[in-house]
Amino acid sequence: VQLQASGGGLVQAGGSLRLSCAASGRTASTYAMGWFQQAPGKERRLVAIITRSGRTAYYADSVKGRFTISRDNAENTVYLQMNSLKPEDTAVYYCAAGGVESRRRSDYDYWGQGTQVTVSS
């Protein structure tokens, strides 16, 4: 499966962005999907994941209550709605697909190219 992330940009603190991840090549509904972030000099870490059905999601503590992951299996697309953005959310955001519904980065086999999110104070 190929993944294409989009929707990043520059936003002021307190603002919102919506990231999209379009999947092609194979039906996205066969995969768990996740969003990960990587800030300069730091490891890539989990932001949120969503199960194949879309009924269950998991969030990192740092984004709970501010970010929402969702998916539209008919459109083969996963979204990350980011509200109340903070400067510490600044990172490259990657979408990923995996055969296992897991919180572990290593369980995700397919990765998009990343989209930059910059939050100014």
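Along the sequence shown, the residues carry numbers beginning at 1.
From L85, atom CG reaches atom OG of S120 across 10.0 Å, with rounding to the nearest 0.5 Å. Considering CD of Q4 and OG of S24, their distance stands at 8.5 Å, rounded to 0.5 Å. Expressed to the nearest 0.5 Å, how far CZ of F67 lies from CE of M82 amounts to 5.0 Å. To the nearest 0.5 Å, the span separating CG on L10 from CD on Q12 amounts to 8.0 Å.
Contact check for Y108 versus Y31: no side-chain heavy atoms found under the 4.5 Å cut-off. Residues M33 and R71 are in side-chain contact: their nearest non-hydrogen atoms beyond the backbone lie under 4.5 Å apart. Proximity of L46 to Y58: side-chain heavy atoms (C-beta onward) are separated by under 4.5 Å at one or more points. Looking at heavy atoms from C-beta onward, L17 lies in side-chain contact with V117 at the 4.5 angstrom threshold. Counting heavy atoms from C-beta on, the side chains of T68 and L80 never come closer than 4.5 Å. Counting only heavy atoms from C-beta outward, the side chains of E43 and Q38 never approach each other to under 4.5 Å.
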Candidate pair T90 and E88, rule side-chain hydrogen bond (donor to acceptor under 3.5 Å, both in side chains), full reasoning: CA-CA 5 Å; T90 295; E88 51 263 44; over 6 Å; no
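Using a 4.5 Å cut-off between side-chain heavy atoms of Ile, Leu, Val, Met, Phe, Trp and Tyr, with links allowed through other members, L19 and V78 fall into the same hydrophobic cluster. V92 and I69 are not part of a single hydrophobic cluster, where members link through side-chain heavy atoms under 4.5 Å apart. Residues Y110 and I49 do not share a hydrophobic cluster, clusters being chains of Ile/Leu/Val/Met/Phe/Trp/Tyr side chains in contact below 4.5 Å.
Within the 3.5 Å criterion, the main-chain N or O of F36 finds no donor-acceptor partner in the side chain of R105. With Q113 contributing its side chain and A5 its backbone, the two residues share a donor-acceptor pair below 3.5 Å. Remark: the backbone N or O of V100 is not paired with any side-chain donor or acceptor of S102 at under 3.5 angstrom. The backbone N or O of S84 lies less than 3.5 Å from a partner atom in the side chain of R66, making a donor-acceptor pair. Using modelled atom types, no side-chain atom of T115 and backbone atom of S6 make a donor-acceptor pair closer than 3.5 Å.
The shortest non-hydrogen separation linking V1 to A23 is CG2-CB, 3.9 Å. In this structure, R52 and A32 approach most closely via the heavy-atom pair CG-N, 3.8 Å. Scanning all heavy atoms of the two residues, the minimum distance from A13 to S121 falls at CB-CA, 4.4 Å.
A cation-pi arrangement, defined by a distance under 6.0 Å to the six-membered ring centre and an angle within 45 degrees of its axis, is present between R18 and Y79. Both tests hold for R44 against Y94: distance to the six-membered ring centre under 6.0 Å, angle to the ring axis within 45°.
Heavy atoms from other residues, nucleotides or ligands lying under 6.0 Å from NZ of K42 number 12 at most.
Using a 4.0 Å cut-off between charged side-chain N and carboxylate O, D89 and K86 make no salt bridge.
If you check the side chains of N83 and S16, you find a donor sitting under 3.5 Å from an acceptor. Neither side chain, S29 nor N73, offers a donor N or O lying under 3.5 Å from an acceptor on the other.
With sequence neighbours excluded, the residues that form a side chain to side chain contact (heavy atoms under 4.5 Å, CB included) with A91 are Q37, A39, Y93.
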